[in-house]
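Down below is the structure, laid out as structure tokens.
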Amino acid sequence: MDYKTYISGKISQITDIPSEEIYKLIEVPPKQDMGDFAFPCFTLAKTMRKAPPMIAQDILNNEAISGDQVFKAVCVGPYVNFYIKREGLACDIISKIIKAGEDYGSSDLGQGKNVIVEFSSPNIAKPFHVGHAFTTVLGNSLSRIYKKLGYNVIRMNHLGDYGTQFGKLITAYRLWGDDNALNDDPIKELLRIYVKFHEEEKNDPSLTDSARDNFRKLEEGCPEEYELWKKFRDMSLVVFEKLYKRLGVEFDNYNGESFYSDKIPAVVEDLKAKGLLVESQGARVVDLEEYGLPPCIILKSDGTTIYASRDIAAVLYRHNEYNFDKNIYVVGSPQALHFRQVFSVLKKAGYDFADDCVHVGFGLVKFKDMKFSTRDGNIVLLEDLLNEAVAKTREVIVENARTRGTDMTEEEIDEIAEKVGIGSVIYTYVKSGRERDIVFSWEEMLDFEGDTAPYLIYTYARTRSILRKAMDQGIEPSSDEGVISKLTSDEEYSVIKALADFEDAVKKAANSNEPFMISRQIALIARNFNRFYNNSRILGDEDSDMIKARLALCDAVCTTIKSGLDLLGIDVVERM
Ligand code: ARG
């Protein structure tokens with residue numbers, strides 16, 4: 001049951017104020033001992049011509065409130081505080097979770113609506129670093145969240161696969177390319193020749209001309225240049241896809257910048273016809289002064305297109321193709337201005353769907369006490385970060401298994417280390433608000449007691465092992481309401497409330513495009529559950545009904561943590 005709606009309905013009956021209005025006024029008190037919900041009476045004082053505390057008292061005295069079976073109400077000054085009856089909540093929530101299983105938290109809110117989530121979008125022929133991982137992890141999580149809420153999600157990877165740099169690469173490859181090296185580690189080799197090009201170009205201007213020439217040929221579709229470009233693109237994609245696979249990330253398409261290049265003339269025509277293209281130092285721009293923004297360049301002075309024009313063409317394409325309800329760009333915050341310009345050009349051209357385009361920015365990635373054998377100067381490659389995380393997790397798992405005397409095969413250990421290690425990296429990206437810079441530190445991210453993936457996965461695995469152990473003894477979680485309603489202690493109640501709020505957390509995560517609303521909620525569930533677990537015997541209780549009720553709680557906790565981790569893109573393990 002949705003308690004807030006239920007309470008709103010009751011107060012609405014008494015006050016004759018529409019239920020939706022009441023709903024908006026209801027608060028969640030800051031402390032559990034103040035109740036589960038509170039209704040402040042201040043705003044009613046004017047219409048009801050009474051002091052708020054008196055209104056509160058009147059509401060409380062009404063039979064519909066005082067005689068209610070679902071909650072108990074009390075007055076505190078101008079507030080009516082509601083305490084949900086614990087037995088009822090326990091039955092309600094636990095039955096709901098057990099019935100829904102992995103669908104707990106899902107809804108049909110988004111039915112029939114298309115949401116485009118564009119994320120990752122690395123530049124081909126360039127290393128995939130930890131910043132790309134931020135958009136990849138966030139975007140993957142957002143796609144899963146929208147899907148959970150019933151939206152039809154289109155996952156797009158807007159590859160940086162176009163632009164003058166490909167002319168340079170073609171020239172460089174013809175001069176210095178080494179096919180063996182290219183096959184071994186394509187990105188390393190492409191980066192090497194790209195860097196070399198820039199060094200040599202300083203003393204040899206003919207290289208610049210050759211590169212420009214090659215890019216022009218590429219744009220005109222000359223087969224030899226096209227083949228080379230395609231080779232670089234394909235080889236880069238193989239490398240990226242390996243990483244995506246490891247992270248459990250999939251895309252519906254890889255329509256990168258090149259895909260939109262032949263759609264730009266139509267954009268230019270459209271803007272011209274609307275009288276929006278003006279000349280500025282030889283370039284064609286759209287003036288955005290009325291939006292308080294610098295002009296957006298559409299065509300460079302040599303007539304070639306740029307990043308922004310390709311983005312404008314992409315929005316128009318996406319609108320035609322998908323008629324999106326939302327078009328989300330998960331791209332670092334430094335590009336905020338670029339997106340404001342793109343959306344404003346669309347707005348100025350009369351495309352109202354500009355308002356449905358959202359830039360979801362994020363902070364920087366930093367490192368604390370971490371040393372990497374970085375292959376390329378200062379940048380940390382995602383692959384290196386993942387490998388280190390998995391190796392370090394493996395050490396902890398081996399050590400834990402040794403102290404606990406559990407025996408696991410090498411294969412099992414590898415599999416667990418891979419999942420937990422990668423989970424620990426993903427979690428670091430989604431554990432705080434996305435605009436904040438994140439700091440990787442081994443000590444923090446692998447802390448089995450901290451706000452980490454290992455902690456959550458461990459809580460899950462241990463709870464699953466309790467359920468298995470019970471099963472071996474022939475004891476099953478109860479589904480009987482009379483039995484489940486025994487879960488009323490403070491500790492049990494705190495777990496159940498945290499479970500109940502999960503559904504709302506999923507919706508809030510979508511509304512704000514903040515996966516951390518989910519990580520925060522499952523972390524709360526795990527913490528509250530562990531407090532309960534540390535203070536109570538689950539299988540050892542004398543009351544056999546109590547055992548079964550608590551097993552049902554364990555089951556609901558496992559289901560919800562797993563479902564939450566899945567929304568973040570993290571896999572669980574059954575044993576660790
Ligand atoms: N490839 C770009 C980069 O690595 C990001 C692309 C973002 N998406 C977009 N539609 N502009 O910086």
Side-chain angles (χ1 to χ4, degrees), residues 1-4 6-7 26-39 60 65-66 68-76 79-98 104 449-451 455-456 458-460 462-463 466-467 470 475 477-505 519-561 564:
M1 138 155 35
D2 175 0
Y3 292 97
K4 210 166 145 181
Y6 178 78
I7 294 171
I26 292 181
E27 299 169 2
V28 175
K31 287 203 203 112
Q32 191 167 310
D33 61 5
M34 295 163 80
D36 299 297
F37 296 100
F39 180 67
L60 182 71
I65 300 289
S66 55
D68 188 87
Q69 292 303 308
V70 172
F71 56 74
K72 180 171 97 53
V74 297
C75 269
V76 181
Y79 287 92
V80 189
N81 289 353
F82 295 87
Y83 296 81
I84 303 298
K85 294 200 174 147
R86 295 184 175 188
E87 308 76 25
L89 186 74
C91 289
D92 237 39
I93 298 301
I94 292 182
S95 316
K96 185 171 178 179
I97 298 173
I98 292 177
Y104 182 54
E449 304 282 318
D451 181 14
Y455 171 72
L456 292 171
Y458 180 59
T459 302
Y460 172 85
R462 195 189 50 199
T463 312
I466 300 169
L467 287 161
I475 316 171
S478 176
S479 54
D480 182 310
E481 301 223 327
V483 174
I484 294 176
S485 63
K486 285 178 169 260
L487 300 169
T488 54
S489 74
D490 282 352
E491 280 165 356
E492 288 154 351
Y493 183 62
S494 75
V495 181
I496 293 167
K497 272 204 65 169
L499 289 171
D501 289 337
F502 179 74
E503 284 189 307
D504 210 34
S519 56
R520 189 175 60 178
Q521 193 62 34
I522 52 175
L524 181 68
I525 294 171
R527 261 198 315 280
N528 290 354
F529 178 75
N530 283 326
R531 199 176 329 112
F532 153 75
Y533 176 84
N534 291 335
N535 294 328
S536 12
R537 290 179 305 165
I538 294 183
L539 291 179
D541 205 276
E542 269 120 57
D543 177 350
S544 71
D545 274 353
M546 200 66 210
I547 295 179
K548 290 181 192 161
R550 287 177 171 170
L551 287 173
L553 182 65
C554 288
D555 199 3
V557 164
C558 282
T559 301
T560 311
I561 291 181

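In what follows, every heavy atom counts, from backbone to side chain, and hydrogens, waters and symmetry copies are set aside. Here the structure is a predicted model, which means the values were calculated and not measured.
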Tyr79 meets the side-chain hydrogen bond (donor to acceptor under 3.5 Å, both in side chains) criterion, sequence neighbours left out, with none

Are Asn528 and Lys497 close enough, and set up right, to give a side-chain contact (heavy atoms from CB on, under 4.5 Å), and what steps lead you there? CA-CA 10 Å; Asn528 290 354; Lys497 272 204 65 169; over 6 Å; no

Here the pair of heavy atoms bringing Thr463 nearest to Cys554 is CG2-CB, 3.5 Å

Derivation and outcome, side-chain contact (heavy atoms from CB on, under 4.5 Å), residues Phe82 and Asp36: CA-CA 6 Å; Phe82 295 87; Asp36 299 297; 5.8 Å; no

Value for CD1 (Ile522) from CG (Leu456), rounded to nearest 0.5 Å, stands at 5.0 Å

Note: Leu60 and Ala73 closest approach over all heavy atoms is CD1-O, 3.3 Å

Sorted by chain and number, sequence neighbours left out, ring pair (Phe, Tyr, Trp, His ring centres under 6.0 Å) with Tyr104 holds for Phe502

Does the ring centre of Phe529 sit less than 6.0 Å away from the ring centre of Phe532?
-> yes

Does the side-chain hydrogen bond (donor to acceptor under 3.5 Å, both in side chains) test come out yes or no for Ser478 and Asp545, once each step is laid out? CA-CA 8 Å; Ser478 176; Asp545 274 353; over 6 Å; no

Derivation and outcome, side-chain contact (heavy atoms from CB on, under 4.5 Å), residues Val495 and Tyr533:
CA-CA 10 Å; Val495 181; Tyr533 176 84; over 6 Å; no

- Query: How far apart are the C-alpha atoms of Glu492 and Arg550, what are their side-chain angles, what is the distance that settles it, and do they pass the side-chain contact (heavy atoms from CB on, under 4.5 Å) test?
  - Reply: CA-CA 9 Å; Glu492 288 154 351; Arg550 287 177 171 170; 2.9 Å; yes

Distance col, row Thr560:OG1 vs Leu499:CG, nearest 0.5 angstrom, shows 4.5 Å

query = Stepwise, does the salt bridge (Lys or Arg N to Asp or Glu O under 4.0 Å) test hold for Lys548 with Asp480?
reply = CA-CA 9 Å; Lys548 290 181 192 161; Asp480 182 310; over 6 Å; no

Correct closest heavy-atom pair for Leu89 and Ile84 would be CB-CG2, 3.9 Å

Value for SG (Cys558) from CD1 (Ile525), rounded to nearest 0.5 Å, stands at 11.0 Å

In this structure, OG1 of Thr559 is separated from NZ of Lys96 (nearest 0.5 Å) by 14.0 Å

For Arg531, the salt bridge (charged side-chain N to carboxylate O under 4.0 Å, His left out) test, sequence neighbours excluded, returns none

Between the CD1 atom in Ile561 and the CD atom in Gln521, the distance rounded to the nearest 0.5 Å is 11.0 Å

Tightest non-hydrogen contact, residues Asp541 and Asp543, listed as OD1-N, 3.0 Å

*asked:* Evaluate Lys85 against Asp92 for salt bridge (Lys or Arg N to Asp or Glu O under 4.0 Å), listing each step before the verdict.
replied: CA-CA 11 Å; Lys85 294 200 174 147; Asp92 237 39; over 6 Å; no

On a heavy-atom basis, the closest approach of Ala523 and Asp451 is CB-OD1, 3.8 Å

Close side-chain approach of Tyr6 to Phe71, heavy-atom, < 4.5 Å:
yes

Checklist entry - Looking at side-chain heavy atoms only, is the closest gap between Ile94 and Asp555 below 4.5 Å? => result no

To the nearest 0.5 Å, atom CD1 of Ile93 lies from atom CD1 of Ile484 at 11.5 Å

Q) Counting distance only, does the side-chain N/O of Tyr460 pair as donor-acceptor with the main-chain N or O of Val557 below 3.5 Å? A) no

Heavy-atom closest pair (Gly35 atom, Pro29 atom, distance to 0.1 Å) is O-CG, 3.4 Å

- Query: Can you check whether Leu487 reaches Glu87 side chain to side chain, under 4.5 Å on heavy atoms?
  - Reply: no

Using modelled atom types only, decide if a donor and an acceptor are shared between the side chain of Glu449 and the backbone of Tyr455 within a distance under 3.5 Å. no

Under 3.5 Å side-chain donor-acceptor pair for Asn530 and Tyr458
no

